K.L.:
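I am attaching a structure below and will ask some questions about it afterwards.
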Amino acid sequence: MRAVRRGGARLWDRFAASDPGLLRLTAGVRTVSAIALTLVVLALLGTGVNHMVAGAMTAMTATFAVKDKLVRDQAVTLALGLPVSLVAMSLGALLTSQVVAGDLFFIALIFGAVYCRRFGERGTALGLIGFQIYFLSLFVGASTAALPELCLALAVGFGCSAVVRFGVVPETPQRVLARLRDAFRTRLAQLVSVQIELLDAGPEQLEKVLDDMRRRTARLHETALMIQGRLEEGTSDADKAALLQRRVADAEIATERLGMLLLNARSVESADTLTLHLPHAPVPLTGDWRPAEDDATIALRRDLKALHLLVSRPAARDGGTAVAHIRNRLLGYRDEEKLPSAPSGIQDAFRGIGEAARSVLGLRLALDGPQDESDDSPATTRSREEFDAEDIALASSETPGDEERAGLRRPTTRAAFQVSVGSVLAMVGGEFLSSQRWYWAVLTCWVVFLNTASTGEILVKGYRRLLGTLLGAVAGVALAGLVGDHTWVSFALVLVFIFAMFFTAPLSYAVMSFFVTAMLGLLYTLLNSYSFDVLVLRIEETAIGAACGVIAAVLVLPVRTDRRTDELLGTVLERLGDVASAAVEQLSGGPASDLLGKARSLDTALDELRDSTNPLTYPITPLRGRRQTVRYLVALLETCAYHARSLAATAELVPHSKTVAADPRLHRAGQRIAHNIEVLGAHVEDEGAKGEVESGATIASTLRDDGSGTQPSGTVTFRVLRHLQRLDEGVVGLARPLDVPVADRAESKAVRG
């Protein structure tokens, strides 16, 4: 029985890690529960099937539209949404016979709904509710005679949505943050598990293990960013939020760095970390390598498993002295205690385990507060003292917001005009196909503009929606024939598809569109308007709407994909320069700053750039060479960001550490990196900008005071030299895909001389 419980716990951990914070599961369960409760209430009231469909779709809209993080804000938005929906339904019923007036109002409503996004979550929700309910009035054929019952169905839908949201499936920022922390812990443990596999994998398994490590590192990073987005509402004060953000970043960076050190430890030659982030990069090993069985490797494997135990075991279960003994041993490696006699690469891996163990200790202190210190070793005590010093020095600071764009340059204003023009075209095109169901083309045009910022993104989203609709229509034909007149079976399948729709939405837009179209086939069956021609018409209207959306995006205030990616690339380079310069300044003894906050800003900008390049890297793009260039560029930026984060994490230790001293020579070593990043940024902003990227002697040679080339382990240089070198190489490597000239440093000095 105990084995079954352990197996169930492991299975649940895997599921929780695949859905951080259980956000997708909660969204699906909450929406399905609201719809089911609405159907039960309306059935008890004796309403017709048409009104039950209206109530169910209203409950779905009221549930997914409200995105406010705080519970009280959700309640206010939901309360305001009901009168908005009643007005939209009433106008839809009153204007049903006034074709011209109805179309003009629909266009005005679309413009207002998109423009309202500038007012934040509440404006976005109310605009979405107004649009969806007006669309619903067209879908169910609302009339003035049926308006009272339709308004009752809307009120029931909103009421049931509120009951489920605040009573049946309640959600608070604190609860979401707690689940995200659990997901982070689980994903951290999964990454350590892959690192254990990395140590033992033979050449035939290594490529697969590296792919797993890349994927799980990306998932860990994703969860860390999600935690960052929930910290402000999920913690009691700003200082606690900043502390938790710092500890999460420490754990992420230390574990990612451990993977790099392990790869170096088992490599015949040094690992090429410049291309490690690139999918399907060459395996950085030579020779017929096999896992060694010497004492050092056996101890390394043992300590990796011990680290996995520390990561995966919650602090509440740390009874006895065994866990404390393991923690003390691992933390001792930071201070060179009992390092085995082994090559330098193996010893670096042990030091990396010590740093990772320290980050786990810091994360536990931030999450669970003070713990039993009776079994602490001197190394553990020093780590706790460093954390206490950091906590005292931590001061909350506000990050200045981005400059607000005005007029037609504001994204919401531009999108409002684009969607309105596209909707007019979709109305005209949809009317040619069907005077009864033209609104499907308008809906598609509306949807393809959601969460998109460039013409390429709109094109890709339109293609995905068309593909999902085509496959969903085929499924709808089969299901409608199987279900027949069984009303409640149809409603049950509708609920299943709605859950699948919400659960898969963040993963694949095409899959979500498949479930939407299959669900609509069942709804048409319930409304006694199903036919094969209707589903074919649905595909045609979707194609028209997607095409009109793309046309509007190209002709009306267009934002070209390459222009947007250039803007985001410039932002990434600027923030990379901020992190690198501030980290080097602090590493060389300069004033302290919020380095991890800067690093998170870099991560956010890099994620936005990665998303904006999706149209350029999509499998169907005809520009194969450009796709490879973009992938290479993003991979190099990810590697540069990793080394910059590592520099920032190490620099955070310097003001409070008793064992690591600053090195003023690093200021000189970082000047070339800062100069090269500025040159790259200038070329991205203006292709005619002058300046060359400088390359030449390694960072290590510029810091070498004697002929040995080694650095004392008590200096910060010993810890950051490799990261500085790799960051320097990565920045120089960016010059090739960006077509920036590169000059050898010695040659450039000679020319200037």
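Computed from a prediction, not measured in an experiment: that's the story for all the values here.
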K.L.:
Leu633 vs Thr613, test: side-chain contact (heavy atoms from CB on, under 4.5 Å). Steps then yes/no.
P.N.:
CA-CA 10 Å; Leu633 176 65; Thr613 59; over 6 Å; no
K.L.:
Please enumerate all residues that pass side-chain contact (heavy atoms from CB on, under 4.5 Å) together with Ala641, with sequence neighbours excluded.
P.N.:
Leu602, Leu606, Arg645
K.L.:
Does Asn676 use its side chain to pair, donor to acceptor, with the backbone of Glu694 at less than 3.5 Å?
P.N.:
yes
K.L.:
Assess whether side-chain contact (heavy atoms from CB on, under 4.5 Å) is satisfied between Tyr642 and Met260, documenting all intermediate values.
P.N.:
CA-CA 11 Å; Tyr642 158 68; Met260 300 292 183; 3.3 Å; yes
K.L.:
Parallel, tilted or perpendicular, judged at 30° and 60°: which one describes the rings of His723 and His643?
P.N.:
tilted
K.L.:
List the residues meeting side-chain contact (heavy atoms from CB on, under 4.5 Å) with Ser612, not counting sequence neighbours, and say none if there are none.
P.N.:
Glu457, Arg564, Thr565, Leu568, Leu609
K.L.:
If the threshold is 4.0 Å, N to carboxylate O, is there a salt bridge linking Arg219 and Glu222?
P.N.:
no
K.L.:
A side-chain contact here means heavy atoms from C-beta on lying under 4.5 Å apart; do Leu569 and Leu680 qualify?
P.N.:
no
K.L.:
Side chains of Arg257 and Ser646: any donor to acceptor distance under 3.5 Å?
P.N.:
no
K.L.:
Could you list the residues that satisfy side chain to side chain donor-acceptor pair (under 3.5 Å) with Asp611, not counting sequence neighbours?
P.N.:
none
K.L.:
Please report the shortest heavy-atom distance between Val248 and Ala224, naming the atom on each side.
P.N.:
CG1-CB, 3.8 Å
K.L.:
Walk me through it: do Val579 and Leu595 pass the test side-chain contact (heavy atoms from CB on, under 4.5 Å)?
P.N.:
CA-CA 7 Å; Val579 175; Leu595 290 175; 5.8 Å; no
K.L.:
Please assess Arg247 against Asp250 for the test salt bridge (charged side-chain N to carboxylate O under 4.0 Å, His left out), listing each intermediate value before the final yes or no.
P.N.:
CA-CA 5 Å; Arg247 298 295 175 250; Asp250 283 342; 3.5 Å; yes
K.L.:
Looking at OG1 of Thr255 and CG of Leu307, how far apart are the two atoms once the value is rounded to the nearest 0.5 Å?
P.N.:
7.0 Å
K.L.:
Evaluate Glu729 against Arg726 for salt bridge (charged side-chain N to carboxylate O under 4.0 Å, His left out), listing each step before the verdict.
P.N.:
CA-CA 5 Å; Glu729 294 172 0; Arg726 287 306 194 187; 2.8 Å; yes
K.L.:
Please answer whether the main-chain N or O of Ser601 pairs with a side-chain N or O of Arg575 as donor and acceptor at a distance below 3.5 Å.
P.N.:
yes
K.L.:
Just verifying a value: how many Å separate Arg187 CZ and Arg216 CZ, rounded to the nearest 0.5 Å?
P.N.:
10.0 Å
K.L.:
Kindly compute the distance separating OG (Ser581) from CD (Gln671), expressed to the nearest 0.5 Å.
P.N.:
10.0 Å
K.L.:
Is any NZ, NE, NH1 or NH2 atom of the basic residue among Arg351 and Asp348 found under 4.0 Å from an Asp or Glu carboxylate oxygen of the other?
P.N.:
yes
K.L.:
Taking all non-hydrogen atoms of both residues into account, name the closest pair between Ala651 and Leu587 and its distance.
P.N.:
CA-CD2, 3.5 Å
K.L.:
What residues, two or more places apart in sequence or in another chain, satisfy side chain to side chain donor-acceptor pair (under 3.5 Å) together with Glu685?
P.N.:
none
K.L.:
Taking Val679 as the fixed residue, which of Val731, Leu573, Val740, Val742 is the one that meets the side-chain contact (heavy atoms from CB on, under 4.5 Å) rule?
P.N.:
Val740
K.L.:
Have a look at Leu198 and tell me which of Leu304, Leu262, Asp212 forms a side-chain contact (heavy atoms from CB on, under 4.5 Å) with it.
P.N.:
Leu262
K.L.:
Identify which one of Arg610, Arg214, His221 satisfies the side chain to side chain donor-acceptor pair (under 3.5 Å) criterion when paired with Glu638.
P.N.:
Arg610
K.L.:
What's the shortest heavy-atom distance between Ile353 and Asp303, and which atoms?
P.N.:
CD1-CB, 3.9 Å
K.L.:
Identify, with sequence neighbours excluded, every residue that meets salt bridge (charged side-chain N to carboxylate O under 4.0 Å, His left out) alongside Arg736.
P.N.:
none
K.L.:
To the nearest 0.5 Å, what is the distance between CD on Glu256 and CG on Leu258?
P.N.:
11.0 Å
K.L.:
Once rounded to the nearest 0.5 Å, what's the spacing between atom CD of Gln586 and atom NE2 of His667?
P.N.:
14.0 Å
K.L.:
In Å and rounded to the nearest 0.5 Å, what is the CD1 to CG distance from Ile346 to Leu300?
P.N.:
5.5 Å
K.L.:
Taking side chain as C-beta onward, heavy atoms only, is Arg631 less than 4.5 Å from Pro737?
P.N.:
no
K.L.:
For Asp578, which residues count as a side-chain contact (heavy atoms from CB on, under 4.5 Å) partner, sequence neighbours excluded?
P.N.:
Glu574
